[in-house]
Amino acid sequence: MILTHRQFREQITEISNILLEEGRTNLVLRKHRKDKIIADKEYYKNWYDGCFIDFPLHTIARYDEIFTSDSFILNYKMHFFLAQQVRDSKEKDEILNFVEAYDEESARCDLDDFIDERLMNFIHYFKEAISLLKKGSYFSHIKDTNVIIRNLLSYYQQVKLDEGIQISFFPGVKLPFKISSIMLDILIAILTDKLQMLEQEYVVDKPAIVNLVPEEFKINWLGSQKDFAELLVELETRNFISYPDGESYASKARRLAGIFDFSASQRNSGSNISGNLTTNLKPTYNVDNGRNEYFFEKEKYKRKFDKIPINLTFKKV
């Protein structure tokens with residue numbers, strides 16, 4: 001599915017209503033004494049990236065109020081002040097005065113804008129967010145963006161199923177569970193859209209597979225990739241193997257490519273093994289006879305595994 005602009009704005013409006021309308025959620029604003037500001041551009045840039053660009057990975061216990069502090073707005077304003085090429089020294093004093101007078105109503109309005117900015121950044125700064133993940137400890141050395149997105153989706157779906165926890169979208173700020181849930185739904189939709197653009201097939205609740213077997217321990221397949229696909233289809237059809245329910249052909253292919261070494265049948269080292277396997281494992285619809293057919297069912301194809309008997313000993317559970 002593609003997250004439409006209308007759907008996005010409807011969910012943002014729902015968040016605004018929770019923050020700003022009558023009967024709204026209680027807000028706790030913590031105030032800190034600010035005598036001076038450390039003008040460290042790199043510090044505030046890293047802070048902004050962590051709060052507004054990077055994908056959120058941490059959870060907190062379910063929270064039904066709003067908690068924020070004047071330090072958050074201070075860091076936000078200082079980031080944009082120091083990012084300017086030409087700065088007015090008086091502006092720093094104005095920031096201090098603004099933070100000093102900061103109240104709950106201002107905090108609500110700012111949070112409304114921050115949430116909008118945070119969610120829009122997932123779209124407009126997606127590449128930068130992925131780069132930050134690759135530099136972090138959780139996804140270090142994982143170069144495949146698709147693998148990262150699948151892992152993120154699997155994780156976010158697990159969080160969504162647990163009503164006792166919620167994603168922390170802003171370090172140092174706690175949002176009510178309802179707002180966090182809406183934001184998580186939007187983030188899941190954005191990631192799903194991105195992945196569907198990168199892959200032809202995807203099953204959102206299947207865990208990602210990353211290098212199942214080290215290269216040196218993979219099983220060598222000494223036939224052609226078409227031979228391999230024919231064997232796998234015949235084994236499944238004749239009840240010798242089974243896959244998890246709902247697993248896509250692309251997912252099957254990725255897992256098999258992570259276990260078997262097909263270098264003997266590769267014409268060049270850069271060929272896409274999982275892509276080739278997906279094509280060979282997936283049947284195509286024959287409009288003449290109205291049925292799905294595999295490549296090896298063509299009249300001129302010389303089959304190698306069509307004599308495998310049906311397994312009647314065990315049945316799929």
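The shortest distance between side-chain heavy atoms of Phe228 and Asn280 does not fall below 4.5 Å. Within the 4.5 Å cutoff, the side chain of Tyr156 has heavy atoms near those of the Phe55 side chain. Looking only at side-chain heavy atoms (C-beta outward), Leu187 and Leu152 stay at 4.5 Å or farther from each other. The side-chain heavy atoms of Phe122 and Ile186, taken from C-beta on, include no pair separated by under 4.5 Å. Annotation: side chain of Leu232 is not in contact with side chain of Leu277 (no heavy-atom distance under 4.5 Å). Side-chain contact between Ile53 and Tyr48 is present, with heavy atoms from C-beta onward closer than 4.5 Å. Lys304 has its side chain out of reach of Leu231: every pair of non-hydrogen atoms, C-beta onward, lies at least 4.5 Å apart. Looking at Phe305 and Arg238, their side chains never come closer than 4.5 Å, going by heavy atoms from C-beta outward.
Counting heavy atoms of neighbouring residues, nucleotides and ligands inside a 6.0 Å radius, atom CZ of Arg62 exceeds 12 of them. Counting heavy-atom neighbours within 6.0 Å of Leu161 CG, excluding the residue itself, gives a total above 12. Remark: Phe295 CZ is packed, more than 12 non-hydrogen atoms of other residues, nucleotides or ligands lying under 6.0 Å away.
At a threshold of 4.5 Å between side-chain heavy atoms, the hydrophobic network of Ile, Leu, Val, Met, Phe, Trp and Tyr places Tyr63 and Phe170 in two separate groups. Residue Leu82 is grouped with residue Trp47 when hydrophobic side chains (ILVMFWY) are merged at heavy-atom distances under 4.5 angstrom, including chains of intermediate members. Taking hydrophobic clusters as Ile, Leu, Val, Met, Phe, Trp and Tyr residues chained together by side-chain heavy-atom distances below 4.5 Å, Phe52 shares a cluster with Tyr43. In this structure, Leu119 is a member of the same hydrophobic cluster as Ile123, with clusters built from ILVMFWY side-chain heavy atoms closer than 4.5 Å. Put simply, Ile190 and Leu195 are part of the same group of oily side chains (I, L, V, M, F, W, Y) that touch within less than 4.5 Å, one to the next.
Arg108 has no carboxylate O lying under 4.0 Å from a charged side-chain N of Asp112, or vice versa, which leaves the two without a salt bridge.
Closest approach of Lys226 to Tyr301, counting heavy atoms only: CB-OH, 3.8 Å. Among all heavy-atom pairs drawn from Ala83 and Lys41, the shortest one is CA-CE, 4.3 Å. When all heavy atoms of Ser140 and Ser137 are compared, the pair lying nearest together is OG-O, 3.5 Å. Closest heavy-atom contact between Tyr294 and Pro283: CE2-CD, 3.6 Å.
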Would Arg150 and Val147 count as a side chain to side chain contact (heavy atoms under 4.5 Å, CB included) if you check the C-alpha gap in whole Å, the side-chain angles of each, and the deciding distance to 0.1 Å? CA-CA 5 Å; Arg150 288 195 300 272; Val147 168; 3.3 Å; yes

Determine, step by step, whether Asp54 and Asp49 satisfy the side chain to side chain contact (heavy atoms under 4.5 Å, CB included) criterion, reporting the C-alpha distance in whole Å, the side-chain angles of both residues, the deciding distance to 0.1 Å, and the verdict. CA-CA 6 Å; Asp54 207 354; Asp49 287 348; 5.8 Å; no

Test ring-ring contact (aromatic ring centres under 6.0 Å, His included) on Tyr76 and Phe80; report intermediate values, then the result. CA-CA 7 Å; Tyr76 182 85; Phe80 285 101; 5.0 Å; yes

Test side chain to side chain contact (heavy atoms under 4.5 Å, CB included) on Tyr155 and Thr59; report intermediate values, then the result. CA-CA 11 Å; Tyr155 171 63; Thr59 61; 3.3 Å; yes

Test log, rule side chain to side chain contact (heavy atoms under 4.5 Å, CB included), inputs Ile188 and Leu184: CA-CA 6 Å; Ile188 289 173; Leu184 185 58; 4.0 Å; yes

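Although no hydrogens or angles enter the test, the distance criterion places a donor-acceptor pair under 3.5 Å between the side chain of Lys134 and the main chain of Lys143. Formation of a donor-acceptor pair under 3.5 Å by the Asp70 side chain with backbone atoms of His32 is found in this model. When atom types are taken as modelled, the side chain of Ser131 and the backbone of Lys127 share a donor-acceptor pair closer than 3.5 angstrom. One N or O on the side chain of Asn311 and one on the backbone of Asn239 form a donor-acceptor pair closer than 3.5 Å.
Atom CD1 of Ile115 sits about 8.5 Å away from atom CD1 of Ile18, to the nearest 0.5 Å. Interatomic distance, CD1 of Ile165 versus CD of Gln158, reported as 9.0 Å (0.5 Å rounding). Note that CG of Leu29 is 6.5 Å distant from OG1 of Thr68, once rounded to the nearest 0.5 Å. Note: Ser71 OG to Lys31 NZ = 10.0 Å, rounded to the nearest 0.5 Å. Once rounded to the nearest 0.5 Å, the distance linking CD1 of Ile148 with CG of Leu191 reads 11.0 Å.
Taking the six-membered ring for Trp and the full ring otherwise, Phe98 and Tyr102 have centroids separated by under 6.0 Å.
Side-chain contact of Asp103 with Ser106: a donor-acceptor pair under 3.5 Å is present, judged by distance alone.
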Just list the side-chain donor-acceptor pairs under 3.5 Å for residues 173-183, sequence neighbours left out, or say none.
| unit_1 | atom_1 | unit_2 | atom_2 | d |
| --- | --- | --- | --- | --- |
| Ser180 | OG | Ile167 | O | 3.1 |
| Ser181 | OG | Phe177 | O | 2.9 |

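Among residues two or more places apart in sequence or in another chain, the side chain to side chain donor-acceptor pair (under 3.5 Å) test is passed with Asp116 by Arg9.
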